[in-house]
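All residue numbers in this chain count up from 1 along the given sequence. Whatever order the structure lists them in is the order used to number ligands and atoms, beginning at 1.
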Amino acid sequence: MKILVTGFEPFGKDHINPSEEILKRLPQTIAGHEIVKITIPVVAYKSLECIRQAVNQYLPDSIVCLGQASGREGITVERVAINVNDFSIPDNAGIQLCNTPIVEGAPAAYFSTLPIYRMVEAIRQKGIRAAISNTAGTYVCNHVMYGVLHAYSALGIRAGFVHVPAMDTQVDDPLKDACMTLEEMVNGIEAMLVVVHEKDIVGKEEGRIA
Ligand code: PCA
């Protein structure tokens, strides 16, 4: 299988984005899957246009988008994207969209089509903190997740979004503030990508891990 993995440029006050740093360190092949990596801008619609070009060029079987969520303790696999742009800060083009739909007239939300429970389990099996998240926010990460699911779900391309915490080098006090080392994140994301084309865990009590 071919997996397109995306990361973001830095945004806001940060000069580095762990999602982009992870991309640089991921191998070209993981458990037989070919990994195609692209960094996308933190800009509404332009981010989606970059993904569209990459999908046309590489024809991936799945799309896994990565982004930074400062304040979160672990790697969080997103369940759902909503059809709302409501940016708390301007994007990197200086535009701050407020209460607008991402795609006019399209459904209110899309669920990830990745095996999110299986992915969380795979990360935890490496001893790395991970959980399901029920909100990708209303900024560019949610925008990208929604746009990708809207564009590609019907074509049978699996897609979803995963947030990573701030890196230890980005926070004031790594012992107190929520963060992770880049090495831990890379190990977790690598373990997670192994299972992206597996079936999800459904309908059994012991499968409830989030
Ligand atoms: N995180 C932002 C956008 C880019 C990124 O890495 C978000 O959570 O929306």
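- Counting the atoms of ligand 1 from 1 in the order shown, those under 4.0 Å from a heavy atom of Y139 are 2 (C), 3 (C), 7 (C), 9 (O).
- By the 6.0 Å contact criterion, CD on E198 is enclosed, its count of non-hydrogen atoms from other residues, nucleotides or ligands being greater than 12.
- By the 4.0 Å N-to-carboxylate-O rule, K37 lies too far from E21 to be salt-bridged with it.
- Those atoms of ligand 1 with a heavy atom of V140 less than 4.0 angstrom away are 9 (O).
- The H163 neighbourhood of ligand 1 comprises atoms 7 (C), 8 (O), with distances under 4.0 Å to a heavy atom of that residue.
- Comparing C65, G67, C141 against atom 4 (C) of ligand 1, the shortest heavy-atom distance belongs to C141.
- Listed by chain and number, the residues in a side chain to side chain contact (heavy atoms under 4.5 Å, CB included) with A109 are V80, I82 (sequence neighbours excluded).
- Shown in contact with N17 at under 4.0 Å from a heavy atom are these atoms of ligand 1, numbered in order with element: 5 (C), 6 (O).
- The number of heavy atoms from other shown groups lying within 6.0 Å of CG (D172) does not exceed 12.
- For ligand 1 and Q68, the ligand atoms under 4.0 Å from any heavy atom of the residue are 1 (N), 2 (C), 5 (C), 6 (O), 8 (O).
- For the side chain to side chain contact (heavy atoms under 4.5 Å, CB included) criterion with E9, the lone passing option out of D14, N17, T39 is T39.
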